[in-house]
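Quick notes on the structure that follows.
Labels below follow one simple rule: chain letters A, B, ... track the order of the sequence lines, proteins then strands, and each chain is numbered from 1. Note that this is a predicted model, so its numbers are computed, not measured.
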Amino acid sequence: ETGVTQTPRHLVMGMTNKKSLKCEQHLGHNAMYWYKQSAKKPLELMFVYSLEERVENNSVPSRFSPECPNSSHLFLHLHTLQPEDSALYLCASSRGPGPTEQFFGPGTRLTVL
Amino acid sequence: RKEVEQDPGPFNVPEGATVAFNCTYSNSASQSFFWYRQDCRKEPKLLMSVYSSGNEDGRFTAQLNRASQYISLLIRDSKLSDSATYLCVGNAGNMLTFGGGTRLMVKP
């Protein structure tokens, strides 16, 4: 099983839709992350979970709502998004929440119309 | 000032060339550094960690210069398959901070 998986790989949604992104890690890691990558911008950290507890919320608008039901799964619930939210959303995991190597999933390419 | 800064490039080099990228970081307390590789429309993949003593992995050499607060990546004998964006990563406290990436294009 691939280390970190994400679904869907591509998503197109209207501004009034509600959708969810899913991430699953098979590496036995204890920390999971959501990043946003927009064109020509560095990766932006959105949320960090350590052992299912949110330890970082990087001033992300409330239209993005994370959920971590267990240490292997991470969701990002989306509602009333804006066109500027169109980006590649990457999930990552690491052994712990500290500054250790992170391993990324393939990402969900989101387009908001 | 950005926490981790890289020249975006692109660096266009012929196959077989040696190419080096530098990356500067602003947080003198940073302890962990990495280089990631990201292919077009794909996720970043860990290339190598950067240790104080420097480290080498085949054609790739990474070095850390704490006095000048930069890390470097040297690629020897470039291959066409090395064409990608290389992301420099440092830590700010417990979190990793990614640079904007340096794009490398290796041409025949």
Side-chain angles (χ1 to χ4, degrees), chain A residues 2-7 9-10 21 23-25 27 29-51 53-60 86-111, chain B residues 1-10 21 23-52 55 57 60 62 64 66 69 71 73 84-103:
Chain A
T2 307
V4 182
T5 58
Q6 289 187 241
T7 56
R9 297 292 306 277
H10 300 272
L21 309 185
C23 175
E24 185 173 357
Q25 59 95 2
L27 300 170
H29 287 167
N30 291 320
M32 296 186 78
Y33 309 79
W34 279 117
Y35 286 90
K36 175 183 179 182
Q37 189 175 35
S38 304
K40 301 192 185 299
K41 291 176 72 175
L43 269 75
E44 300 171 56
L45 179 64
M46 300 175 73
F47 301 104
V48 181
Y49 276 83
S50 173
L51 295 172
E53 182 180 334
R54 190 190 307 179
V55 296
E56 185 81 18
N57 177 347
N58 217 14
S59 303
V60 179
S86 299
L88 180 67
Y89 288 85
L90 290 158
C91 173
S93 71
S94 65
R95 286 190 304 274
T100 61
E101 297 93 333
Q102 293 178 13
F103 297 87
F104 286 84
T108 295
R109 188 160 296 280
L110 173 67
T111 302
Chain B
R1 184 183 171 186
K2 295 177 186 175
E3 290 192 42
V4 177
E5 202 149 3
Q6 299 181 247
D7 180 344
F21 311 133
C23 158
T24 57
Y25 61 94
S26 61
N27 187 343
S28 59
S30 295
Q31 295 290 326
S32 299
F33 303 94
F34 308 95
W35 282 102
Y36 278 75
R37 171 197 168 125
Q38 186 172 23
D39 291 286
C40 187
R41 305 183 76 81
K42 297 284 186 71
E43 75 273 23
K45 293 186 177 176
L46 180 66
L47 181 64
M48 58 200 309
S49 303
V50 186
Y51 305 120
S52 296
N55 55 313
D57 183 3
F60 299 83
L64 168 63
R66 287 197 183 277
Q69 292 186 204
I71 66 172
L73 177 67
T85 296
Y86 291 83
L87 306 177
C88 170
V89 186
N91 73 294
N94 271 336
M95 297 301 122
L96 296 186
T97 300
F98 287 76
T102 296
R103 188 161 176 219

Please answer whether the main-chain N or O of A/Pro99 pairs with a side-chain N or O of B/Ser32 as donor and acceptor at a distance below 3.5 Å.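 Answer holds: yes.
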Is there a side-chain contact between [X] and [Y] (heavy atoms, below 4.5 Å)?
X	Y	value
A/Leu43	B/Leu87	yes
A/Leu90	B/Pro44	yes
B/Ser49	A/Glu101	yes

Heavy-atom count check: over 12 atoms from other residues, nucleotides or ligands less than 6.0 Å from B/Arg103 CZ? no
In this structure, are over 12 heavy atoms from other groups packed under 6.0 Å from B/Arg66 atom CZ? yes
So, taking the atom named [atom1] in [X] and the one named [atom2] in [Y], what distance separates them when rounded to the nearest 0.5 Å?
X	Y	atom1	atom2	value
B/Arg41	A/Arg9	CZ	CZ	10.5 Å
A/Lys41	B/Phe98	NZ	CZ	16.0 Å
A/Tyr33	B/Leu96	OH	CG	6.5 Å

At a 4.5 Å cut-off on heavy atoms, which part of [X] comes close to chain B: side chain, backbone, both, or neither?
X	value
A/Val48	side chain
A/Gln6	neither
A/Ser94	neither

Heavy-atom closest pair, residues A/Pro106 and B/Glu43: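 For A/Pro106 and B/Glu43, the tightest heavy-atom pair comes out as CA-OE1, 3.5 Å.
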For the interface with chain A, which of B/Lys45, B/Gln6, B/Gln38 has the highest count of heavy-atom pairs at distances below 4.5 Å? B/Gln38
